[in-house]
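For reference, the structure is listed below as structure tokens.
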Amino acid sequence: MNIVVLVKQVPDTATERKLTSDDKTLDRAASDGVINELDEYAIEEGLLLKEKHGGEVTILTMGPEQATDSIRKALSMGADKAVHVSDEALHGSDALQSAYALSRALGRIEFDLVVLGSESTDARTGVMGAALAEYLGVPQLTLADKVDVDGQAIKVQRLTDYGYDVVEAELPAVVSVVEKINEPRYPSFKLIMQAKKKPVEKLTIADAEIDAARVGLANATTETVDVAPAPPRAAGTIVKDEGEGGVKIAEFLAEKKFV
Amino acid sequence: MAEVLVLVDHVDGEVKKVTTELLTAARRLGEPAAVWIGEGADTGSAKLAEYGAEKVYVAPAEFNDYVVAPAAELLAKLAGDASAAAVLVSATPENKEVAGRTAVKLGSGVLTDAVDVSAEGVTEHSIFGGGTITHAKVTSGVPVIAVRPNSVPAEESPAAGAREEVSLELSDAAKGAKVTDRVVQEKGARPELTEAAIVVSGGRGVGSDDFSVVESLADSLGAAVGASRAAVDSGWYPNQFQVGQTGKTVSPNLYVALGISGAIQHRAGMQTSKNIVAVNKDPEAPIFELADFGVIGDLHKVAPQLTEEISKRK
Ligand SMILES: Cc1cc2nc3c(=O)[nH]c(=O)nc-3n(C[C@H](O)[C@H](O)[C@H](O)COP(=O)(O)OP(=O)(O)OC[C@H]3O[C@@H](n4cnc5c(N)ncnc54)[C@H](O)[C@@H]3O)c2cc1C
Ligand SMILES: Cc1cc2nc3c(=O)[nH]c(=O)nc-3n(C[C@H](O)[C@H](O)[C@H](O)COP(=O)(O)OP(=O)(O)OC[C@H]3O[C@@H](n4cnc5c(N)ncnc54)[C@H](O)[C@@H]3O)c2cc1C
């Protein structure tokens with residue numbers, strides 16, 4: 001089974017994240033880039049499926065040069081190879097343009113399954129899985145906390161508002177995962193060494209046959225009008241419980257008219 | 001005035017509060033037209049009309065038998081037919097997916113997690129853990145916007161609510177992922193988490209699957225109960241009550257965090273709450289950075305006392 005796992009490099013949530021003041025896109029110099037957390041779960045799921053059903057795991061990333069670090073990390077978890085779509089023309093692409101570009105790159109890879117995170121920690125749109133399924137014309141099995149593949153049949157447990165749905169489809173398909181699905185492995189020293197030699201194919205938009213008129217900031221379907229720091233939260237009142245902490249909260253709630 | 005489509009969230013004919021908020025926001029942009037999928041429109045339509053729906057499009061329950069794609073096909077068709085001014089959905093994980101697919105079909109743009117929408121279609125977003133506020137707009141085609149619950153106060157404005165059945169043959173592509181079973185986990189009588197005006201959440205500090213200390217406080221406030229991932233993963237509380245990045249995003253008037261450290265992933269789901277109260281025995285817990293009122297102490301002492309005090313004041 002050929003599995004493609006989508007990996008996005010995002011700014012480390014532990015650092016201060018910013019948008020640039022000129023074109024209001026992500027300020028990549030402001031914080032370290034790391035693999036989007038949920039994508040580690042996607043990689044793990046890809047590896048588990050490969051261990052069970054055979055085949056290969058390919059990492060697909062769209063992003064600037066420095067995303068190579070995240071690709072190496074993904075390979076050191078055990079993925080076989082990677083495809084890195086990188087082109088100045090992609091800078092500032094919005095979610096749907098990114099989905100379009102990724103769908104073009106996927107068109108060049110033979111896959112049975114595309115696995116991705118259900119949401120990134122920076123943009124958090126959560127639309128990628130759905131938009132990709134739409135572009136690729138394959139079934140959408142998103143928000144999964146359990147995946148079973150049996151021959152050409154795939155079955156997932158999809159988290160919903162009220163519990164979960166069992167969803168069934170035929171491969172090829174797109175699966176997005178939530179963190180309940182597994183526990184990502186740590187790269188072993190051996191795998192880290194091996195990862196350095198694994199093939200990473202670099203694609204420009206021309207290579208991937210991505211239409212330049214459909215990507216990039218200038219053609220984006222959305223525009224960030226302005227960016228400002230949130231007004232600072234007034235410092236809260238923090239008290240130590242000396243036996244009447246509960247009463248003090250009640251007084252605060254009464255003041256705010258909650259009780 | 002052009003129609004503004006609002007995808008209705010309902011449970012068995014009962015319209016969720018977020019839909020009334022979306023209808024209110026839709027009136028700023030044009031003429032609200034509600035889009036109902038499944039049974040129950042007979043009972044639900046009155047509420048939609050009360051909040052300004054001139055029309056109620058009704059599509060059959062079959063549309064719920066497949067994941068997301070039928071809803072997107074429906075919205076894209078209606079938006080095209082009516083030359084809609086915008087499409088609004090609630091910013092739940094599922095509806096954000098609907099929004100994405102709809103926008104792809106329309107060749108337009110999508111904005112998610114808006115906390116406000118202006119008459120010009122400019123949305124407000126709170127990003128990067130609440131530290132930054134942005135405004136954005138869709139620049140191509142029919143804007144598709146996912147709005148967070150509890151962002152726009154619902155206001156009544158009676159309208160016709162004229163019902164219109166939609167006939168639409170689903171494409172094969174929309175039937176690719178079939179829902180073969182629906183498992184509803186225990187819900188209880190409390191308000192729904194994403195809709196509630198007050199949420200009381202418990203974390204690892206609760207210490208066991210006896211969540212009654214959290215539930216009693218919630219009940220005294222008429223609040224919904226939430227949980228951190230640590231509490232959910234420990235099996236203390238069901239999954240659908242998880243608040244955070246991979247759980248529910250809540251934005252209540254009051255959020256009470258009991259024994260929750262305030263990890264970034266938890267904060268991602270509650271940072272836009274209007275008032276935050278925290279009880280934690282660790283003075284260094286990051287949740288105190290967000291708290292409007294915090295008590296450093298044992299939740300098993302503080303919360304019961306608070307519950308009792310609230311009951312006394314009633
Ligand atoms: C703060 C902020 C807000 C934004 N808001 C919007 C908005 O409202 N509308 C809009 O159209 N655009 C928005 N964008 C642009 C958006 O970040 C990018 O277009 C991004 O490539 C895709 O969106 P996402 O990360 O939200 O996808 P999500 O759907 O949240 O990501 C889900 C998964 O998709 C995969 N994935 C996502 N991007 C890539 C990639 N480049 N390479 C490989 N895999 C990937 C990963 O597996 C990820 O886990 C925003 C950007 C920022 C920084
Ligand atoms: C991909 C990913 C997604 C995630 N998504 C989510 C998510 O959606 N939601 C979420 O919540 N987390 C999520 N997490 C997990 C998150 O990182 C934290 O691990 C989690 O929020 C911790 O829960 P907690 O605060 O209950 O536990 P802890 O961090 O262990 O904190 C417990 C707190 O309780 C306090 N305490 C202990 N006993 C008492 C007492 N008797 N009285 C008062 N205080 C006490 C302690 O001082 C401590 O601060 C995610 C993580 C990852 C990697």
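Note that the structure is a prediction, hence the values are computed from the model and not measured. Letters go in sequence order (proteins before strands), and every chain restarts at 1.
Neither the backbone nor the side chain of A:D94 comes within contact range of chain B; no heavy atoms are under 4.5 Å apart. Residue contact with chain B, scored on non-hydrogen atoms closer than 4.5 Å, involves the side chain of A:E37 exclusively. Contact of A:L132 with chain B is not made at all, since no heavy-atom distance falls under 4.5 Å. Only the side chain of B:I198 comes within less than 4.5 Å of a heavy atom of chain A; its backbone N, CA, C and O stay farther away. For A:K256, the part sitting under 4.5 Å from any heavy atom of chain B is the side chain, from C-beta outward, and nothing else. Of the two parts of B:K16, only the side chain, counted from C-beta on, holds a non-hydrogen atom closer than 4.5 Å to a non-hydrogen atom of chain A. Looking at A:I154, neither its backbone nor its side chain comes within 4.5 Å of chain B, counting heavy atoms on both sides.
Ranked by non-hydrogen atom pairs under 4.5 Å with chain A, the options B:T123, B:N239, B:V122 are led by B:N239. The most heavy-atom pairs under 4.5 Å with chain B, out of A:V259, A:L143, A:L253, A:T125, come from A:T125. Most heavy-atom pairs under 4.5 Å with chain A: of the set B:V138, B:D298, B:D292, this distinction falls to B:D292. Taking chain B as the reference chain and counting heavy-atom pairs below 4.5 Å, the highest number among A:E251, A:M128, A:E170, A:K24 is found for A:E251. By number of non-hydrogen pairs under 4.5 angstrom with chain B, the leading residue of A:S118, A:A130, A:A123 is A:A130. With chain A as the partner, the residue from B:T134, B:V183, B:V302, B:V295 showing the most heavy-atom pairs under 4.5 Å is B:V183.
In this view, A:F252 and B:F293 satisfy the ring-ring contact (aromatic ring centres under 6.0 Å, His included) rule, not counting sequence neighbours.
Remark: the backbone N or O of B:H135 is not paired with any side-chain donor or acceptor of A:T224 at under 3.5 angstrom. The backbone N or O of B:A268 lies less than 3.5 Å from a partner atom in the side chain of A:R124, making a donor-acceptor pair. In this structure, A:T222 contributes its side chain and B:G109 its backbone to no donor-acceptor pair below 3.5 Å. Counting only distance, with no hydrogens or angles, the side chain of B:Q305 and the backbone of A:G246 share a donor-acceptor pair below 3.5 Å.
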*asked:* What verdict does the salt bridge (charged side-chain N to carboxylate O under 4.0 Å, His left out) test give for B:K178 and A:E168, after you've listed the backbone C-alpha separation in whole Å, the side-chain angles of each residue and the deciding distance to 0.1 Å?
replied: CA-CA 5 Å; B:K178 187 166 175 41; A:E168 297 183 45; over 6 Å; no
Determine, stepwise, if the pair B:D233 / A:K180 fulfils salt bridge (charged side-chain N to carboxylate O under 4.0 Å, His left out).
CA-CA 8 Å; B:D233 283 3; A:K180 298 269 177 291; 3.5 Å; yes
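Residue A:K155 qualifies as open at atom NZ: its count of foreign heavy atoms under 6.0 Å is 12 or below.
Side-chain contact, A:E223 with B:T139: no donor N or O sits under 3.5 Å from an acceptor N or O. A:Y164 and B:R182 form no side-chain donor-acceptor contact under 3.5 Å, judged by distance and modelled atom types alone. Side chains of A:E119 and B:Q245: no donor on one and acceptor on the other come within 3.5 Å.
Salt-bridge annotation for B:K248 and A:D161: present, with a side-chain N of the basic residue lying under 4.0 Å from a carboxylate O of the acidic one. Taking a cutoff of 4.0 Å between a charged side-chain nitrogen and a carboxylate oxygen, B:E309 and A:K248 do not qualify as a salt bridge.
Interatomic distance, B:F128 CZ to A:T121 OG1, rounded to the nearest 0.5 Å: 9.0 Å.
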